[in-house]
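So the structure is just underneath, and the comments pick up after that.
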Amino acid sequence: MSEKKYLFSSESVTEGHPDKVCDQISDAVLDECLRQDKYSRVAAETAVKNGAVWVFGEITTKGFVDVDAIVRNTLKEIGYTHSKLGIDYENCGVFSSIIPQSPDIAIGVNEDDSHQKQQGAGDQGMMFGYACTETEELMPLPIMLAHKLTHRLAEVRKQKIIPYLGPDGKAQVTIEYEGKVPKKVHTVVVSNQHEFGIEQERIHDDIITHVIKPVCGDLIDDETVFHVNPTGAFVMGGPQADAGLTGRKIIVDTYGGMGRHGGGAFSGKDPTKVDRSAAYMARYIAKNVVAAGIAKRFEIEIAYAIGIAEPLSVWVETYGTGVLENEKIIELIRKHFPLTPHEIINHLKLRRPIYQKTASNGHFGRTDPDFTWEKVDKKTVLKKELETLKVNSNL
């Protein structure tokens, strides 16, 4: 009997999408705080619309952050260099509303000088991590292809391969699965801002030739459906067409809808916020579990309470692909992975100014060495544990 076929889709957005503009500004503010004071407490939000950018939130730092300069430099790097693109980095208005972190939060997060009181979580909540064997990055194939498409859109724009493109864009990939195995690309949707007066046929051909085919390769066949700027035109883009806000692309940032999400966004948050740091640790755990051969598809949930160091719960799911019982996997996780906020921050080296580059093209599945949560340095010890358990079970 043949395996059941089904379709699954994931989307990504370019660095010039208004929400991603805000994520990058928030993380650029965070990076500047950490560059000057690695113990900075940051919760920076950004909103953008038309010719105005507003940065607001809570920051406690020993450094000085020139918010105006950060906003303008970030917009310039993305490519918003003229008002006709949606916003002009030189002439936009920049507003800030920032106060120190609430002392009621700080008292639960701070360690005392004797280190007798452990650093607690910066908030309550549950964070999920996911990994699978669909790609070499141990990520779901739909989101990986969507990210590679949006990265390629920025590349062909900046390298003038398709010189008439603007910064704003999106990509969506639908994969046909047979059973649990991805077989081919069923549909690709790409929408990208462009100059006025460019023929749609030219845009269609250029995007397929220079973006979709190089990224999707042999996963495309004669039946693959392409939708390029399906509304027929995408001239007005960026903050002129859509308001942007930090933290509105949480599924783009994680696993493309494959697996669960706890609801907490990442960008603009220092690592004492478990929304970010524990989600990175959850990905690190999931990736190492899959890399070690304990499961082909793996998901983990870690839950915290504000001011409490130890997680309230750890839950795992292998979707029938695990070679150990879930309880035994949890034992191995607690044995080999740090789970308190202080331990997570130290193990993954999260007090560094590395965050602006996480704010576009996804936080997971990246090969950048600064993305410490993508390392599989626990694979060997987990494999040894697995072999020992197999031997003991045969006795």
Side-chain angles (χ1 to χ4, degrees), residues 9-25 48-51 53 71-92 143-174 185 187-217 220 224-244 248-249 252-253 356-357 359-362:
S9 303
S10 295
E11 73 155 349
S12 183
V13 298
T14 64
E15 63 183 1
H17 185 282
D19 292 333
K20 275 290 144 205
V21 169
C22 294
D23 285 345
Q24 289 166 89
I25 291 171
V48 60
K49 179 60 182 171
N50 292 344
V53 181
V71 169
R72 296 185 194 281
N73 288 338
T74 304
L75 290 172
K76 183 180 180 181
E77 289 172 10
I78 292 169
Y80 281 114
T81 56
H82 197 286
S83 59
K84 69 181 180 181
L85 295 171
I87 194 168
D88 176 6
Y89 80 96
E90 290 184 298
N91 298 311
C92 65
I143 190 63
M144 284 310 300
L145 288 179
H147 283 324
K148 289 176 180 179
L149 286 170
T150 53
H151 180 267
R152 180 62 179 166
L153 284 170
E155 196 172 58
V156 297
R157 170 174 59 88
K158 291 180 175 180
Q159 294 179 5
K160 307 298 184 182
I161 296 171
I162 310 181
Y164 54 81
L165 293 183
D168 194 0
K170 289 184 173 185
Q172 183 170 292
V173 179
T174 301
V185 173
T187 303
V188 179
V189 184
V190 173
S191 297
N192 205 101
Q193 182 185 13
H194 59 85
E195 294 177 3
F196 178 77
I198 308 297
E199 294 182 358
Q200 292 304 309
E201 184 178 356
R202 178 184 174 187
I203 298 170
H204 183 273
D205 292 345
D206 282 349
I207 293 291
I208 291 175
T209 301
H210 298 295
V211 178
I212 297 175
K213 287 185 175 179
V215 167
C216 297
I220 293 173
T224 300
V225 178
F226 303 115
H227 295 296
V228 177
N229 284 8
T231 63
F234 189 174
V235 175
M236 182 184 292
Q240 183 181 10
D242 273 317
R248 284 205 299 202
K249 289 293 176 282
V252 171
D253 284 345
Q356 184 178 355
K357 57 187 174 183
S360 58
N361 302 309

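Numbers for residues simply follow the sequence, beginning at 1. Hydrogens, waters and symmetry mates are skipped; everything else that's a heavy atom, side chains included, is used.
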Next on the checklist: Could you go through Ile208 and Val188, starting from their C-alpha distance and side-chain angles, then the distance that decides it, and tell me whether this counts as side chain to side chain contact (heavy atoms under 4.5 Å, CB included)?
Outcome noted: CA-CA 10 Å; Ile208 291 175; Val188 179; over 6 Å; no
Checklist entry - Rounded to the nearest 0.5 Å, how far does CG of Asn50 lie from CG of Asp242? => result 10.5 Å
Item to check | Reference residue Arg152; test side chain to side chain contact (heavy atoms under 4.5 Å, CB included); the match among Thr14, Val211, Ile212 | outcome: Val211
Item to check | Worked check of side chain to side chain contact (heavy atoms under 4.5 Å, CB included) between Thr150 and His17 | outcome: CA-CA 10 Å; Thr150 53; His17 185 282; over 6 Å; no
Checklist outcome for this item: Heavy atoms of Tyr80 and Gln193 approach each other most closely as OH-OE1, 4.4 Å
Checklist entry - When you measure from the side chain of Thr224 to the backbone N and O of Val185, does any donor-acceptor pair fall under 3.5 Å? => result yes
Item to check | By salt bridge (Lys or Arg N to Asp or Glu O under 4.0 Å) - contacts of Lys249 (at least two apart) | outcome: Asp19
Item to check | Rounded distance [0.5 Å steps], NZ in Lys213 versus CD1 in Ile207 | outcome: 13.0 Å
Item to check | Sub-4.5 Å side-chain heavy-atom contact between Lys20 and Asp253 | outcome: yes
Next on the checklist: If I take atom CD1 from residue Ile161 and atom CD from residue Glu155, how far apart are they, to the nearest 0.5 angstrom?
Outcome noted: 6.5 Å
Checklist entry - Looking at Leu165 and Arg157, what are the two nearest heavy atoms and their distance? => result O-CD, 3.5 Å
Checklist entry - Looking only at heavy atoms, what is the nearest atom pair of Thr174 and Ser9, with distance? => result OG1-OG, 2.5 Å
Checklist entry - So which heavy atom on Val173 is nearest to which on Leu149, and how close? => result CG2-CD1, 3.5 Å
Checklist entry - Just wondering, are more than 12 heavy atoms of other shown residues or ligands nearer than 6.0 Å to NE2 in His204? => result yes
Item to check | Trace of the side chain to side chain contact (heavy atoms under 4.5 Å, CB included) decision for Arg202 with His194 | outcome: CA-CA 11 Å; Arg202 178 184 174 187; His194 59 85; over 6 Å; no
Checklist entry - Can you name the one residue among Val53, Leu85, Val48, Asp88 that meets side chain to side chain contact (heavy atoms under 4.5 Å, CB included) with Leu75? => result Val53
Checklist outcome for this item: Sorted by chain and residue number, the salt bridge (Lys or Arg N to Asp or Glu O under 4.0 Å) partners of Glu77 (sequence neighbours excluded) come out as none
Next on the checklist: Nearest 0.5 angstrom please: Ile220 CD1 to Phe226 CZ, how far?
Outcome noted: 4.0 Å
Checklist entry - Counting N and O atoms only, with roles assigned by atom type, does the side chain of Lys49 sit under 3.5 Å from a partner on the main chain of Gln240, one being a donor and the other an acceptor? => result yes
Checklist outcome for this item: Heavy-atom closest pair (Phe234 atom, Asn192 atom, distance to 0.1 Å) is CD1-C, 3.2 Å
Next on the checklist: Asp168: which residues meet the salt bridge (Lys or Arg N to Asp or Glu O under 4.0 Å) condition with it, sequence neighbours left out?
Outcome noted: none
Next on the checklist: Tell me whether Lys76 contacts the main-chain N or O of Thr81 through its side chain, where contact means a donor paired with an acceptor under 3.5 Å.
Outcome noted: no
Next on the checklist: Rounded to the nearest 0.5 Å, what separates atom CD in Glu199 from atom CG in Asp206?
Outcome noted: 11.0 Å
Item to check | Heavy-atom donor-acceptor pair, His147 side chain to Val252 backbone, under 3.5 Å | outcome: yes
Checklist entry - What's the shortest heavy-atom distance between Pro167 and Gly79, and which atoms? => result CG-O, 3.7 Å
Checklist entry - Roughly how far, to the nearest 0.5 Å, is the CG atom of Leu153 from the CD1 atom of Ile162? => result 7.5 Å
Item to check | Flag, side chain of Gln24 to backbone of Glu15, donor-acceptor distance under 3.5 Å | outcome: yes
Item to check | Full working for side chain to side chain contact (heavy atoms under 4.5 Å, CB included) between Val215 and Leu145 | outcome: CA-CA 7 Å; Val215 167; Leu145 288 179; 4.1 Å; yes
